[in-house]
Each structure stands twice: as structure tokens, then as C-alpha cells.
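From a predicted model like this one, the values you see are computed outputs, not experimental measurements.
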Amino acid sequence: MKKFSNRYILIGFVFTLILSVQSCKVGQKYTQPEHNLPDQFRGDTLSYFADTTSISRISWKEFFQDETLKKLIDSALANNYDMKTALMNIEIASKQLRQNKYNYFPEVDATIGSANKQWRSKEFGSGASSKWYDRHGTKAPENMFTYQSQYGSEIAFSWEIDIWGKISNAKDQLTSEFLNTQETRNAIQTNLIANVAKGYFNLLMLDAKIEVAKRNVTLNDSTKGMLQLQYEAGEITALGIQQTESQRLLAASLVPELEKEIVIQENALRVLTGQMPNAIEREGNFEHLFPEDQEISLGSPIELLRNRPDVRGAELTLIAANADANIQQAMRYPALSLGGELGVNAMLPKNWFSIPGALLGGIGGSITAPIFKRKSLKTKWEVAKIERDKAEIAWQQSIVSAVSEVSDAVITLEKQKEQLEYARLRVENSDKAVKNANLLFKGGYATYLEVITAQSNALDSDLALVELRQQQLEAYVDLYRSLGGGWR
């Protein structure tokens, strides 16, 4: 009875030891480093940006107004290959995270059946010990006698106690990596939405350019017809007609070039949407996709830590690196393991499952500590700490880059607004110049060179205005993306 009581005392002591060592987690607990973010973005002025909800919190379905563009984005999010790969990476990380929680349990293996028969000869220094020959009434030979015969089945377990927090740190690491795959997916989505929108805006810009080129060709044809009459009347030389034709051909040559670029852009958009090359249906123009006097708010730079997927992902990488450093530190400390087995074992096959005679059982524990590993464990720990410091630098860099991108987008929008105003005035002036040049030429107060120059200036100013409008749309998208908008 006393022996039985001592056994329970030993078991209780072991479990008390297990519970007490669970609190011996080593390593540095993660705390977010200083980020030194400014109070506001450079270029953010209340006179230009209204004090309203930050556009980063607006869903992309509300941010974009064009229905065709929304359908393209929907198709891209569903069929883009990078998005599909990102979703699979999330699934992989999720399975690894779910598996980690089972690391707290012991490993259990079963040997369904094992047979072990050994032979020895007289120089071995010992005779047969299994009494196999005695049971068969024969004398053991001197050479190649049966030395040992065993048949068995068993269930064995091994359990390493998480003394220093290796398993819990691995959980922190896997959790961070799982969340990082989601942030990677969000980052892919924000960039994908921005690229689809820019590609669509480029298509609309190319359509507008073709209209400008064709309109200019028609204008050149009219001028050439007028010069042809004057040439036939002997009022001008053939040089005037030739120069007018050169101007017309210049405008006409833009059309096939723009048509080529349209097909290439359509194919690029199809690739983003995971589809084969084909035309993209579109209606209207790009002038009213965004209200030009739209009032928006940038919010505070601190919101980038919550809104930008790349910044959030960089911090999750830092958390994972910190957990890995803790794991490598714990690898240098002693490990407590428990093990045991339960099964049947017999010398003869007929006694294999003789119960209780063939039963076997055992339980044991060990504390092992690394003594000399050629400095490999210490080196891995030191390298892991450096990797953690590198991850912190990368996080700080991502913050600086994010703030800079927002500032660039803000100043681009503000200055493009001024450029657009000048570009509109230039177009209006060029249109007036073309009309006046034609009237003066008909009245004999201007030369054909002045007419050609006015038409050339009109073509350039119209094309420049179209490009500026496209750039402003892209700047809105860049601002939306740089603030972390698009993944909601």
C-alpha cells in the first residue's frame, strides 16, 4: 500500500513540475517599436481637403463610379492568378496554424506487429538464452543457433514539455505568418484594383486621343481644300498644299498608332482579369469618372499603420522574427521529455497475445541539455536576433515609404489641378486661334503657314489636355491606394 501511495506521489510531483515550468517562457515579448510619424502629411491643407472621413475607409465599390470599371475589377478579383495564389497561401498558413495547437499533446505511435529473430555462433561467447531449444527438446547447435526470438505489438508515446515556450512562440510565429498572408492578399488586391483602374483610364484616354486626331484630320482636309482653290487661282504655290498635307498625314498617322495601343491595353486588362485577349466594352468618356471638386480627407498618418496592408504585413513579419528569436533562444536550454509504452511481447509466436503473461509496459522521463554543438545553437540565436532587427528596419522603411507616397500623391493632385486649368485655357486659346487664322486667311490677312501653325498647336493642346485628365484620374487612384484604400 505504501508502494502504491509513493507512486501517486511521484505522478503528482511530475505533473506539478510540468505546470510550474509552463510559466518559464524565455525571450523578449513583442512590443511595437517607436514609429515617429508626423502629425499630418506634407501637402495636406484643410483649404483643399475637407475634414471628412478618410477615403482609405471607403469601399472601392463606392470610390469608383463607372459601372464598366466595377465589372472589370470584380472579374479581376475573382479570376486574377496572383489573387488565386494569395488565397492558396492563406489556406496553407491556416492549416499550419491549426496544426500547431496539437504540438502541446504527446506523440503516439503504434507498432502493429514486430518480429525479431537473432542467430549467433560459438565465438559469440554465449549460448542460446531464449530456451527455444529446451522447449523443443533439442540441443542448441554451436553455430548459427537461435540466440533471441521476440514477437510483439505496442503503443508508445513521447511528450516534450513546453518549458521555455518553444511551442507558444511557434504559435505566435505561425499566427503572424498567417495574418501576413492575408495582408499580402490585401496588398495584391489594392494594387490590382489600382492597375485595373489605370488601365481602364488609359483606354478612355486613347479613345479621346483618337477623336482628337480624327477631328484634326477633318480640319486639315478642310484647310487643304481651301488652299487647293487658292492654288488653282494662282494665289499660292504648291508648297502650301504640301505642307498642309504633311500636317494632315501627321494627324492621320496617330490613329493607327493609337489603335495599336488600345489593343495592347485591352489585352493587358484581360490578363489582369484572368481572361484571354479580347476587346473591352466601354461607354462614355473619362471626364466625369470623379468629380473634379471632390472634397476628401487624408486622415492622420497614424492610420497608415492600420490601413496599409504592406505596413501591417511588415509589422507581422517583425512579430514573427521576434518569435523565431525566442524559439532559437529556447533551443539552448534543457528539454524535459516524458515517454512510455504499452503492449505485448513474447519469445514464441503462440504466446504473442497471451494475456496477461505477454503484457509489457514502461514509463520514463528525461531532461536533456545541449553541451557542445559546435556553437551552432548560439549562432542561430544571434542570427535570429539580427533578423529581428532587420525586420524592424524594414517596418520603419515601409512607414517612411507609405508617408512619402501619400505626400507625393497629394502634391500631384494639387499641382495637376492647376495644370488642368492652364491646359483648358490653352485649348480654348488654340481653338480661337484656329478660327481666327482661317478667317484672316480667307480675308488675305494671314498666310497658310499661320493656319497650319494654329492647327498644329490645337492638336498638341488637345492631346496634352487629354493626357492631363488621365494623369489626374491616376493621381486620385494613387492617393486612394497609398492611403491603404481598396482592400475593404
Could you go through the side-chain hydrogen bond (donor to acceptor under 3.5 Å, both in side chains) check for Q118 and R120 one step at a time?
-> CA-CA 7 Å; Q118 300 180 17; R120 299 288 188 271; 2.8 Å; yes
Taking it one step at a time, do K417 and E414 satisfy salt bridge (Lys or Arg N to Asp or Glu O under 4.0 Å)?
-> CA-CA 5 Å; K417 187 177 182 182; E414 189 170 355; over 6 Å; no
With side-chain hydrogen bond (donor to acceptor under 3.5 Å, both in side chains) as the test, would you mind laying out the steps for T181 and R185 before giving the verdict?
-> CA-CA 6 Å; T181 57; R185 180 250 180 209; over 6 Å; no
Give the intermediate values and the outcome of side-chain hydrogen bond (donor to acceptor under 3.5 Å, both in side chains) for residues E261 and Q265.
-> CA-CA 6 Å; E261 292 183 14; Q265 181 61 76; over 6 Å; no
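Counting only residues at least two apart or in different chains, ring-ring contact (aromatic ring centres under 6.0 Å, His included) contacts with residues 308-350 comprise W164-Y333.
In this structure a side-chain-to-backbone donor-acceptor pair under 3.5 Å is missing from R42 to V403. For T273 (side chain) and L269 (main-chain N/O), a donor-acceptor pair under 3.5 Å exists by modelled atom type. Panel note: side chain S56, backbone N307; no donor-acceptor pair is recorded below 3.5 Å. Distance alone, capped at 3.5 Å, is enough to place a donor-acceptor pair between the S398 side chain and the W395 backbone. Using modelled atom types, no side-chain atom of W159 and backbone atom of G340 make a donor-acceptor pair closer than 3.5 Å. With R312 contributing its side chain and L304 its backbone, the two residues share no donor-acceptor pair below 3.5 Å. Between the N326 side chain and the N169 main chain, no donor and acceptor come within less than 3.5 Å of each other. Listed for the N202 side chain is no donor-acceptor partner under 3.5 Å among the backbone atoms of K198. Remark: the backbone N or O of E34 is paired with a side-chain donor or acceptor of Q396 at under 3.5 angstrom. Proximity of a side-chain donor or acceptor of N186 to a complementary backbone N or O of W487 within less than 3.5 Å is not detected.
The closest side-chain donor-acceptor pair between R469 and Q471, if any, does not fall under 3.5 angstrom. Checking Y104 against E160 by side-chain atom types alone, no donor-acceptor pair falls below 3.5 Å. Counted by atom type alone, R388 and N322 present one or more donor-acceptor pairs between their side chains at under 3.5 Å. With hydrogens and angles left out, the side-chain atoms of N345 and Y151 include no donor and acceptor closer than 3.5 Å. A donor-acceptor contact closer than 3.5 angstrom links the side chains of N79 and S75.
For A475 against Q416, the heavy-atom pair with the smallest separation is CB-OE1, 3.5 Å.
When the shell of 6.0 Å around CZ of F353 is examined, it contains more than 12 heavy atoms from other residues, nucleotides or ligands. The number of heavy atoms from other shown groups lying within 6.0 Å of NZ (K171) does not exceed 12. E107 CD: 12 or fewer foreign heavy atoms inside a 6.0 Å radius. In K84, the NZ atom is crowded: over 12 heavy atoms of neighbouring residues, nucleotides or ligands sit closer than 6.0 Å. The environment of CD in E257 is crowded: more than 12 heavy-atom neighbours from other residues, nucleotides or ligands sit within 6.0 Å.
Evaluation of the side-chain hydrogen bond (donor to acceptor under 3.5 Å, both in side chains) rule for E341 yields no partner, not counting sequence neighbours. Listed by chain and number, the residues in a side-chain hydrogen bond (donor to acceptor under 3.5 Å, both in side chains) with Y480 amount to none (sequence neighbours excluded). Contacts of N180 classified as side-chain hydrogen bond (donor to acceptor under 3.5 Å, both in side chains), with partners at least two apart in sequence or in another chain: T317. Listed by chain and number, the residues in a salt bridge (Lys or Arg N to Asp or Glu O under 4.0 Å) with E266 are R282 (sequence neighbours excluded). Residues passing the side-chain hydrogen bond (donor to acceptor under 3.5 Å, both in side chains) test with K373, sequence neighbours excluded: none.
Salt bridge status for K415 with E418: present, with a side-chain N to carboxylate O gap under 4.0 Å.
A cation-pi arrangement is found for K385 relative to W381, the charged atom lying closer than 6.0 Å to the ring centre and inside a 45° cone about the ring normal.
By the 4.5 Å heavy-atom criterion applied to side chains, R308 and T190 are not counted as neighbours.
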